[in-house]
Every structure is written in C-alpha cells, then in structure tokens.
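Contents: one structure, followed by commentary.
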Amino acid sequence: MVFQGSSAAISHTGKVRSNNQDSGYAGSNLFVVADGMGGHAGGDVASSIAIGRLTELDQPFRTPSEAEHAIRDALADTAAELIDTVARRPELAGMGTTVSALVMVDDYAVIGHIGDSRIYLYRDDTLTQITADHTFVQRLVDSGRITPEEARYHPRRSVLMRVLGDMDPDPEVDSFIMPTQDGDRWLLCSDGLSGVVDDTHTAKTLALGMPPARTADALLKQALDGGAPDNVTVVLVDVGGQHPVFIGTPTIVGSASNPSGVVVPAARPGRSNWLHHARQVANEPTHFEPAAEFLEELIEEDRRRARRRRLGWLAALLVVLAAIGLGLWAGYNWTQTRYYVGADDNSVVIYRGIQQSIGPISLSTVYEDTNIVLADLSEFDRETVEATISARSLSDAELIVDRLRPAEEGSG
C-alpha cells in the first residue's frame, strides 16, 4: 500500500562549509538522509550513491519484514558500489556516508540506519530519538563515562564507529520495525541539525503543528541561527494528517540533486556575528572513521582526560573542604573571645564562648565558677542568671558578677 501522509525535504550547505555533502530523499514510501564524508568531492559522491541505490526501495512492500530485508540488501549494495567507485577513482579513497532510511509499510515504519544521522519520532507531545549514533562519544555515553551534554562538545564527537565506506563490503547496519499511527511526525536529519538544535527546541517546533515544509524551514532556520557549522538536511514525514498525499512526487535534495558531471560552485561561507555566534557543536571539520590502532589511542586519551577530570574534581573538593574547615576554625576562635554569665548547678558561672551548640558540640565552656550560690540571690537576679547575661568582654562579665555578689560577701 502506498503511504498515506505528507512529507518535505530540505538541505542547506550551512554557514561554514564550502559545499553540501548531505543528500536527502522524500518519496511515496521511502524517506532518507545521507551525510557524506571524505573531502570536497568524496562526501558528495558517497551520499549521492547511497540515495541512488536506496530510491529503488520507493515502492509498496507486501510485508514490513520484506522491506527490512530490502533495506539491508540495498545498504550492502551501496557499500559494494562505493568500493567499486574508489577502485575506478582512487582520488576518492576514504569516502563514506551515513544513512538513516525509513520505509512505510501499512501501519509500520521500517528503519535502516548506520552512522550519526538521526531518526526521531514525535508522538503524544513527546520527542524520542529512535536511532542510536554510531560514534565514539556515544559509546562513552552508553558506558556512563560522559553525559549526553558532554558528548555534544566532546573533541572527538566527529569520530564514527560505523559508516558506509569504501573499506567494508559487509557493513554492520541497524534495522528494525516499529508500529506507527496517524498523527505521528517522523524527523530524519543529519547532525548539522541535531548537533546545533537541541531536542527541546526541536520538540517545540514539531509541536506547532505546521505543515511539513514549513516545519522543515523552521528547523533549518534554527540551525542557521545557531551558526550552522555543518551541512543541514531535514526530511519530515507526517503520518495521516489533514492533507495526506497518496502518491507523492519524489523530492531529492543536497548533493544527490545535482546532475551527474555538473560542477556546482562552492557556496560562500557565512559569517557569524554577535547576534548569532557560531557554536562549534556539530562535527568539524568532517566525519572521521578511525583505524583500529587509532581507536585504541582515542580510548587511552579519553582515559587520561577522565583521570584529569577526576583529579580536578578531587582538587576542587579539597579546596572547598579546606575553605569550610578554615571558616569553621575561624568561627570557633571568634566564639572563644565571647563571654557570658549563667548558672551551673547551684552557682553563678562565667562562661567562655556563645550559648549556641552545633549538634552535640557546645560552643561554650566554664571559664570561672564564682562560688556565688544561686539561692543567695534575689528572685529577679536568680531568674536573670538562669536566662544568662551576655557580656561584651571578660572584664564586663566580672563586673556583672561583682554586682550579683551578695553585700556581706562583697564587704568581707
């Protein structure tokens, strides 16, 4: 059955890149985003090859399982074509591409994914990331070594662990089937969007309920306002909706939309200004797929960074504890310059310190027992002493005691 819904696709070079290595496709049943890597020409070629291969899947499938097998076969064929292309054109060695593909089959979404482009589902006012990034930093997040927020700014955020490239004829692809329903909004995007616009702002834009084309424009504008250091590609798919399209005209965007052999002039890099500072969040300068020995170096480097971070936190904690200890010590020393007159059992006593306590710790001690018996005082003086009498100094406390001393005792 042909998908019943509406969709839109848009792609932009961004404000820093000189050319667009992304490609996107929105058809009748198939929706794809591919983010190329491998230099000025290689990324263009790789993402275009991926789109060209996958467009063969834009057809009704009998079952979701059949579509899933077709996606996996198409991605394997793409890898083989990339290898053949590099064999014919050695100057393209090292090229590759991410792919996030969605095929609609009846009430199911069939997903194929490799790399760090993403597929999101917006349903019931909640945005959920459906695909997992195949990146070095995502592996660190999964192991609990860094947080998702730290991953956005990690110096190795560009390192891909899995990608369709010219080295692996049997790529490891994620594929799965999910039920979908009327009202669902599926968002496919390159990291040029997800690396700049966070999920909170993306969800707010999707919640506005604008048609797919206007929503895609709004998301692109947010990426550009954020500096757009990478190419930005957005494919938005609404299931059902107010104006479902039963047979959509395919839309191809990005490098795959350029006719073969036509040279596209490089875009002029945009400038960031004080209103729209170019946040260096998205991959820069490009994706990178490491060799095994380099990956070990990255892991060891991350261990060193983790150790330095732990030492930094420990040093900061020690400084804070030292400051607290110094403050407590200084505070306690100050209390020992204070005096007051009070009662201890049956006599009048001069205390050093203040009348408060910190838990079980009293901040005062007996300085002098005056041997004045409480019973010898007037009722008023006795109640006053039992309530304690503050003194400005030791001499002031001694004067208070002298005033309290019975006349006979004082004259004797």
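Considering only residues two or more places apart in sequence or on other chains, L394 meets the side-chain contact (heavy atoms from CB on, under 4.5 Å) condition with Y339, I350, Y367, E398. Judged as a ring pair (Phe, Tyr, Trp, His ring centres under 6.0 Å), and not counting sequence neighbours, H12 has no contacts. Shown here are the salt bridge (Lys or Arg N to Asp or Glu O under 4.0 Å) partners of D381, two or more places apart in sequence or in another chain: there are none. Taking the salt bridge (Lys or Arg N to Asp or Glu O under 4.0 Å) definition, one finds that K221 meets it with D225, sequence neighbours left out. In this view, Y340 and Y351 satisfy the ring pair (Phe, Tyr, Trp, His ring centres under 6.0 Å) rule, not counting sequence neighbours. Residues satisfying the salt bridge (Lys or Arg N to Asp or Glu O under 4.0 Å) test with D199, not counting sequence neighbours, are none. For D217, the side-chain contact (heavy atoms from CB on, under 4.5 Å) test picks out I10, with sequence neighbours left out. Not counting sequence neighbours, the partners of W313 by the side-chain contact (heavy atoms from CB on, under 4.5 Å) test are R309. Residues satisfying the side-chain contact (heavy atoms from CB on, under 4.5 Å) test with L399, not counting sequence neighbours, are R403. R185 is linked by a salt bridge (Lys or Arg N to Asp or Glu O under 4.0 Å) to D238, counting only residues two or more places apart in sequence or in another chain.
How far CZ of F61 is from CG of D106: 12.0 Å, rounded to the nearest 0.5 Å. Atoms NE2 and CZ, from H154 and R145 in turn, are 8.5 Å apart once rounded to the nearest 0.5 Å. Taking OG of S11 as the start and CG of N231 as the end, the distance is 6.5 Å to the nearest 0.5 Å. Taking OG of S7 as the reference point, atom CG of L188 lies at 10.5 Å (rounded to 0.5 Å). Interatomic distance, CG of D230 versus CG of D22, reported as 6.5 Å (0.5 Å rounding). The OG1 atom of T131 sits 11.5 Å away from atom CG of L121, with the distance rounded to the nearest 0.5 Å.
Screening V235, I111, V33 for a side-chain contact (heavy atoms from CB on, under 4.5 Å) with I119, the sole residue that qualifies is I111.
By the 4.0 Å N-to-carboxylate-O rule, R118 lies too far from D191 to be salt-bridged with it.
Under the 3.5 Å distance criterion, the side-chain polar atoms of T128 are left unmatched by any main-chain donor or acceptor of I130. Formation of a donor-acceptor pair under 3.5 Å by the D58 side chain with backbone atoms of S28 is found in this model. In terms of modelled atom types and a separation under 3.5 Å, the side chain of D184 and the main chain of Q181 share a donor-acceptor contact. Here the side chain of T215 pairs no donor or acceptor atom with the backbone of L206 at under 3.5 angstrom.
T78 and R53 form no side-chain donor-acceptor contact under 3.5 Å, judged by distance and modelled atom types alone. For the residue pair S395/S393, the side-chain donor-acceptor check at 3.5 Å is satisfied. For the residue pair D35 and S117, no side-chain donor N or O sits within less than 3.5 Å of a side-chain acceptor on the partner. Checking T135 against D116 by side-chain atom types alone, no donor-acceptor pair falls below 3.5 Å. Using a 3.5 Å distance cut-off with no hydrogens or angles, the side chains of S23 and S255 do pair a donor with an acceptor.
Residue pairs that meet the ring pair (Phe, Tyr, Trp, His ring centres under 6.0 Å) test with at least one member in residues 75-118, sequence neighbours left out, are H113-H134. Sorted by first and then second residue, the ring pair (Phe, Tyr, Trp, His ring centres under 6.0 Å) pairs involving residues 176-207 (not counting sequence neighbours) form an empty list.
When every heavy atom of I114 is checked against every heavy atom of P171, the shortest pair comes out as CD1-CB, 4.0 Å.
For the pair T98/S190, no side-chain contact is recorded, criterion being any heavy-atom separation below 4.5 Å from C-beta on. With a 4.5 Å cut-off on side-chain heavy atoms, V32 and I51 count as touching. You'll find the side chain of E368 stays beyond 4.5 Å of the side chain of V401, heavy atoms only. Using a 4.5 Å heavy-atom cutoff, the side chains of D345 and S347 are not in contact. The shortest distance between side-chain heavy atoms of L219 and L187 falls below 4.5 Å. The side-chain heavy atoms of N333 and T337, taken from C-beta on, include no pair separated by under 4.5 Å. Proximity of L160 to M37: side-chain heavy atoms (C-beta onward) are separated by under 4.5 Å at one or more points. Looking at M178 and T180, their side chains never come closer than 4.5 Å, going by heavy atoms from C-beta outward.
E91 CD: more than 12 foreign heavy atoms inside a 6.0 Å radius.
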